[in-house]
Amino acid sequence: MPVIQHKQWIQASRDVCFDLARGVEVHTKTTAETKEKAVGGVTQGLLEEGDMVTWEVVHFGIKQRSTAKVIQMEKPVQFVDVMVKGAFRSLHHTHQFVEEKEGTLMIDRLEYTSPFGPIGRLADHVFLEKYMRNFIVSRAQKLKNRAENNN
């Protein structure tokens, strides 16, 4: 099971970072390259514990849907979402926010299991883990930009 961890320092308050990370409209804007949009469940506003959202997304030129549920939330420290339906066998994403002197350390930890057993593990090794890491890093950098520029 690949585990991707990324730390992003942001010169903004923990509250601002936390709310940006759980904002549905912000998620859509920070994932524009994969054309993500909320099409079911909570489709706008801030996600709360117990909320579910279905995302329509294009990865590798293939349109797909994935439903995630927020299973844990400790404001403004951490929230956790898991995939309940989608392309992966499992996906668990922990979002942490550590308050620091002049900003926030945002930590993403993504654990997933690809489908198709050995073929999925080969795909992880060849391209998928790198793709997922780049996706997490890109989104974190866009959240940083929004938080630091108040937009």
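Quick caveat: nothing in here was measured; it's all calculated off a predicted structure.
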Kindly write out the residues that satisfy side chain to side chain contact (heavy atoms under 4.5 Å, CB included) with [X], not counting sequence neighbours, or none if the list is empty.
X	value
Lys35	Val58
His6	Gln8, Ile136, Val137, Ala140
Pro115	none

Handout entry: Test: Arg139 and Glu36 ion pair at under 4.0 Å
Key = no

Practice task
Apply ring-ring contact (aromatic ring centres under 6.0 Å, His included) to the pair Tyr131 and His59, showing each step before the final yes or no.
Solution key: CA-CA 10 Å; Tyr131 177 85; His59 289 292; 5.4 Å; yes

Problem - Sidechain-backbone polar pair: Arg14 side chain, Thr104 backbone, donor-acceptor under 3.5 Å - result: no

Problem - Approximate separation, where rounding is to 0.5 Å, of Arg89 CZ and Met83 CE - result: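 Going from CZ on Arg89 over to CE on Met83, the span is 10.0 Å.
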
Problem - Criterion salt bridge (Lys or Arg N to Asp or Glu O under 4.0 Å) on Glu148 and Lys144, from CA distance to verdict - result: CA-CA 6 Å; Glu148 292 178 350; Lys144 172 184 173 70; 2.8 Å; yes

Problem - Within one Ile-Leu-Val-Met-Phe-Trp-Tyr cluster: Phe60 and Trp55, side-chain cutoff 4.5 Å - result: no

Handout entry: Side-chain donor-acceptor contact under 3.5 Å, His92 with Asp81
Key =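 No donor-acceptor contact under 3.5 Å links the two side chains.
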
Problem - Donor-acceptor pair between Gln78 and Gln72 side chains, under 3.5 angstrom - result: yes

Practice task
Applying side-chain contact (heavy atoms from CB on, under 4.5 Å), run through Ile4 and Tyr112 and close with a yes or a no.
Solution key: CA-CA 9 Å; Ile4 297 167; Tyr112 70 90; 4.1 Å; yes

Practice task
Determine, stepwise, if the pair Arg65 / Val39 fulfils side-chain contact (heavy atoms from CB on, under 4.5 Å).
Solution key: CA-CA 9 Å; Arg65 288 189 177 197; Val39 296; 3.7 Å; yes

